Amino acid sequence: MRRLSIGAFAQESGLSPKALRLYDDLGLLAPADVDPRTGYRSYDRCQLATAKLIVRLRVLGMPLERIRVVLALPSEAAAAEVASYWRQVEADTAARREAAASLIDQLSRKDATMTDAVRELEVRGSASTDIGLVRDSNQDAVLAGDRLFAVADGFGAQGLGRAASSAALDALERLERQGPAEDPLGALSDAVRNARAAVREFTKSDIAAQGAGTTLTAMLWSGVRFALAHVGDSRAYLLRGAELTRLTHDHSFVQSLVDEGKLTVEEAAAHPQRAMLLRALEHEGTAEPDMHLREAWAGDRYLLCSDGLTSVLDEQEISRALGSNGTSQQAADRLVELVRSAGAPDNVSCSVVDATARA
């Protein structure tokens, strides 16, 4: 088969000669032959399929490092990787959309300030965490401050998950010392980036820590609004009246199968790979969290929790526990007690937050 010059190959593939030289240097698409005297590159026609795939992946905006992963996979696995990437793009776009809406809202809220002041809320939250009945250590971390509430579920060998989850919440907790935020969504987004950097630095400190990481679900309050950040399979719920609403979407392998109609919710709960995460704060992770800005009402009760709770209690049980009379601390303790009564196969952590009308 006659080889194509770099110019001819560029023309047929849609990649420029400059891009081809770059992809050769990066090991993505090496030429079939390089003249030892002139350094001139030539390509086989069979390489056109790979080149055209790179073009299409670049059109999607996929980073070169992730393209390298796709190229190394068989077709079915490569398709799953592209689907996973695109789900992340859509989530990131939704987060930026909310950030833009928050900024637009902030810039145009001149007349809304007095309305918000009239119905200003008082926020009170409590937390509870437990090692469970099976695990040797508790890798969860939980935070309940004045305006900031969060749950992080760490993972990693030799108990290193606790260090990862604690690193994330330590970075996040600086928000408490900064006072109320005019732009809670922007402030929380910046704090999550700091948390991601803190986890990355921790995992670089020791080769044994490179498999460690953490989920993160956090809320930051400002007046009658709160920003919500979420990555992983910890969750946030709202109980308003008698209706329980889930506010987050799991970034897990089994959730992706449910989304694609390949598994039912019931099948997902018993799937052997239900703990596999698609997005988390980890060693080389670049995953962006889902970001939301929401408005609260007096009487709302919110729950942030690790999957050690949701893998044991169904939403009806969660709703009953949250809806029972009592303080946020009593509700948090009750949820942990119910999980322990059901066997508590994993660590369990939760933060319960009440929004009430300020007297």
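Note that the coordinates shown come from a computational prediction; the quantities given were computed from them, not determined experimentally.
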What I want to find out is whether Glu337 reaches Arg334 closely enough, with some N-O distance under 4.0 Å, to be called a salt bridge. yes
Qualifying residues under side-chain contact (heavy atoms from CB on, under 4.5 Å), relative to Ser311, sequence neighbours excluded: none
Under a 4.5 Å cut-off applied to non-hydrogen side-chain atoms, are Ile318 and Leu303 in contact? yes
Given the rule that I, L, V, M, F, W and Y join up when any side-chain heavy atoms are under 4.5 Å apart, are Val151 and Leu322 in one cluster? no
Throw together a table of side-chain donor-acceptor distances under 3.5 angstrom for residues 187-195, partners on residues two or more places apart or in other chains.
residue	atom	partner	partner atom	Å
Ser189	OG	Arg193	NH1	3.3
Asp190	OD1	Arg193	NH2	2.2

Ser351 and Val353: CA distance, side-chain angles, deciding distance, side-chain contact (heavy atoms from CB on, under 4.5 Å) verdict: CA-CA 7 Å; Ser351 181; Val353 184; 4.1 Å; yes
Is there a donor in the side chain of Asp140 and an acceptor in the side chain of Ser306, or the other way round, less than 3.5 Å apart? yes
Is the closest side-chain heavy-atom distance between Arg66 and Glu81 below 4.5 Å? yes
Determine whether Leu277 and His251 make a side-chain contact, defined as any pair of heavy atoms from C-beta on separated by less than 4.5 Å. no
State, with a plain yes or no, whether a side-chain heavy atom of Trp86 is found less than 4.5 Å away from one of Glu90. yes
With the side chain counted from C-beta on, respond yes when Leu238 and Arg294 share a heavy-atom pair under 4.5 Å apart, and no when they do not. no
Hydrogens and angles aside, do Thr214 and Ser165 bring a side-chain donor and acceptor to less than 3.5 Å of each other? no
Over 12 foreign heavy atoms within 6.0 Å of CD, Gln178: yes
Report yes if the side chains of Tyr302 and Arg240 come closer than 4.5 Å at any heavy-atom pair, otherwise no. yes
If you define the side chain from C-beta out and look only at heavy atoms, does anything of Val312 sit under 4.5 Å from Asp346? no
4.5 Å side-chain heavy-atom contact, Gln47 and Leu29: yes
Under 4.0 Å between a side-chain nitrogen and a carboxylate oxygen: does that hold for Asp307 and Arg235? no
Judged by modelled atom types alone, do Thr215 and Asp233 share a side-chain donor-acceptor pair under 3.5 Å? no
Find out if a path of hydrophobic residues (ILVMFWY) with successive side-chain heavy-atom gaps under 4.5 Å connects Leu239 to Phe226. no
